[in-house]
Amino acid sequence: MPNDRDTEAAPDDALLTAFSGYITQHLGLHFPRGQWPELVRAAQALEPAGADACMRRLMAAPPTRGQIEQLAHQLTVGETYFFREPAVFDALEHEVLPALIAARRAAGRTLRVWSAGCCTGEELYSVAILLQRLIPDLADWRISLLGTDVNPAFLRKAEQGRYRDWSFRAVPAWLRQRHFGPPQDGLRAIAPALRRGVRFDYLNLAADLFPGPEAGAPTMDLILCRNVLMYFEPASAARALQRLGCALAPDGWLAVGVAEAGHALLAPFEPVRFPAALLYRQRADAPWPEARPAAAGLPCAVPAAVASPVAAAAAEPVPALALRARLSADRGLLDDASLCCAAAIATDKCDPALRYLRALILEEQGRSGEAIGALRDALYLDPDFVLAHFTLGSLCRRNGAAREAQRHFANALELLRGHPPDDVLAHSGGVRAGELADLMRAGAESA
Ligand SMILES: C[S@@+](CC[C@H](N)C(=O)[O-])C[C@H]1O[C@@H](n2cnc3c(N)ncnc32)[C@H](O)[C@@H]1O
């Protein structure tokens with residue numbers, strides 16, 4: 001007898017085209033047709049009911065932080081090791097860092113380094129080891145070493161700072177012995193002083209607020225974003241590079257991977273050639289616009305350090321509350337998101353977008369019945385709210401209310417007919433009318 005998986009529809013080209021676009025939009029990653037099997041495998045791993053259902057469910061609404069993490073867990077590449085690409089570390093040790101240290105010694109003894117796409121932490125700890133070697137009076141400095149990644153499993157390993165021999169494949173034995181403890185259960189722990197000096201945090205380079213002026217913080221002196229953007233779709237890589245440029249100090253440096261160096265997308269930075277490596281410097285006439293604050297339209301999640309306490313929510317104006325609700329929801333802080341959203345609705349009872357946001361938060365909290373109520377409220381306030389029809393249809397279908405689901409899907413399709421395919425739908429996080437229509441037609445065929 002066939003089981004459910006045997007009868008599950010395989011994703012067709014239209015669905016896979018839409019899903020790879022969705023992955024690019026929300027994670028930056030590029031999955032051309034030849035790599036679609038990886039998308040199918042990832043979706044299958046996430047949903048026992050099958051890849052097709054998983055893709056449709058995910059695309060029904062802007063992804064939550066939890067969904068992004070699950071996708072990242074399936075789709076990111078975790079290859080890294082200490083002092084990877086030694087020529088880059090040679091240039092850092094002998095040229096770049098000594099010059100930066102000399103400049104910063106004369107100006108407050110502060111140095112900020114960011115490993116963007118840090119994976120399991122080897123790259124950032126390698127820089128920490130260099131700095132320990134290069135700055136004899138380290139205790140008198142304020143050094144910020146930040147590692148960020150979108151894959152929480154990698155971040156957990158980075159925080160633990162315990163590594164197998166494979167991570168040391170490019171370093172001499174003395175370095176391993178000097179900076180790591182003896183092996184225990186096949187793992188060596190990084191020296192506590194190095195471990196204490198670094199910080200790891202979640203950050204999606206395709207969406208979140210970047211540390212630096214975007215987050216109201218100072219600029220970075222050195223950014224390492226190596227072997228990360230080579231997996232990005234070019235337009236997403238260009239956007240990330242622009243934002244990295246905004247985050248970089250006027251005399252700051254950018255290190256990319258050996259395979260990425262020389263790429264045309266790096267043209268806005270000034271290339272500097274070292275014996276066996278190519279690094280980049282901020283140009284004097286850097287083309288970046290002023291770093292815009294989050295509220296001006298950058299898709300972002302606010303770092304924990306930037307978020308303000310829930311108790312202050314009621315005093316904030318509605319747009320700020322709505323933004324905070326979205327950012328907290330992105331970070332998985334659902335209680336905070338819920339409180340901010342409720343406070344916003346209490347002040348502005350007639351905004352359908354707030355009701356929609358409330359529905360997304362409720363759904364994420366597993367309160368489907370209330371989410372359906374909030375979507376009905378949104379549609380009462382704006383009967384033409386396409387995405388609310390679509391999301392309500394999806395929730396009804398999942399809850400077994402097939403006829404109501406059908407009605408909302410039909411309404412959404414009817415409304416979509418009034419939009420050119422390239423129209424970005426309101427409150428959708430960037431979904432275009434044509435994409436949603438294709439998705440719905442594909443869904444109707446397989447329902
Ligand atoms: C091949 S590793 C590179 C690690 C390290 N930078 C190096 O060169 O050894 C790529 C890393 O990029 C991360 N990554 C991929 N997409 C990302 C995104 N959208 N935001 C943040 N990190 C991302 C992956 O999780 C992975 O840890």
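One-based numbering, in listed order, for ligands and for the atoms of each. Numbering of residues begins at 1 and proceeds along the displayed sequence.
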Between F168 and F82, how do the two ring planes meet: parallel, tilted or perpendicular, split at 30° and 60°?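 Taking F82 first and then F168, their aromatic rings lie parallel (interplane angle under 30°).
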
Can you list every salt bridge (charged side-chain N to carboxylate O under 4.0 Å, His left out) pair that touches residues 253-262, not counting sequence neighbours?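 Residue pairs with at least one partner in residues 253-262: there are none.
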
Can you list everything that forms a side chain to side chain contact (heavy atoms under 4.5 Å, CB included) with R164? Sequence neighbours excluded, please.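 By the side chain to side chain contact (heavy atoms under 4.5 Å, CB included) rule, R164 matches L187.
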
Atom CH2 of W114 and atom CG of D201: how far apart are they, to the nearest 0.5 Å?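 Here the interatomic distance stands at 11.0 Å.
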
Give a table of atom pairs where an N or O of ligand 1 lies under 3.5 Å from a protein N or O.
from     : atom 1 : to   : atom 2 : distance (Å)
ligand 1 : 6 (N)  : G117 : O      : 2.9
ligand 1 : 6 (N)  : E123 : OE2    : 3.2
ligand 1 : 6 (N)  : R226 : O      : 2.9
ligand 1 : 8 (O)  : R84  : NH1    : 3.4
ligand 1 : 8 (O)  : R226 : O      : 3.0
ligand 1 : 8 (O)  : N227 : ND2    : 2.8
ligand 1 : 9 (O)  : T80  : OG1    : 2.6
ligand 1 : 9 (O)  : R84  : NH1    : 2.8
ligand 1 : 19 (N) : L27  : O      : 2.8
ligand 1 : 19 (N) : N204 : OD1    : 2.9
ligand 1 : 20 (N) : L205 : N      : 2.8
ligand 1 : 25 (O) : D149 : OD1    : 2.6
ligand 1 : 25 (O) : D149 : OD2    : 3.4
ligand 1 : 27 (O) : D149 : OD1    : 3.4
ligand 1 : 27 (O) : D149 : OD2    : 2.6

For T76 and N151, which I'm curious about, is there any donor-acceptor pair between the side chains at under 3.5 Å?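 Checked: T76/N151 side chains pair up, N/O donor to acceptor below 3.5 Å.
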
Could you pull out all residues at least two apart from Q70 that satisfy side chain to side chain donor-acceptor pair (under 3.5 Å)?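 Scan of Q70 (side chain to side chain donor-acceptor pair (under 3.5 Å), adjacent residues dropped) gives none.
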
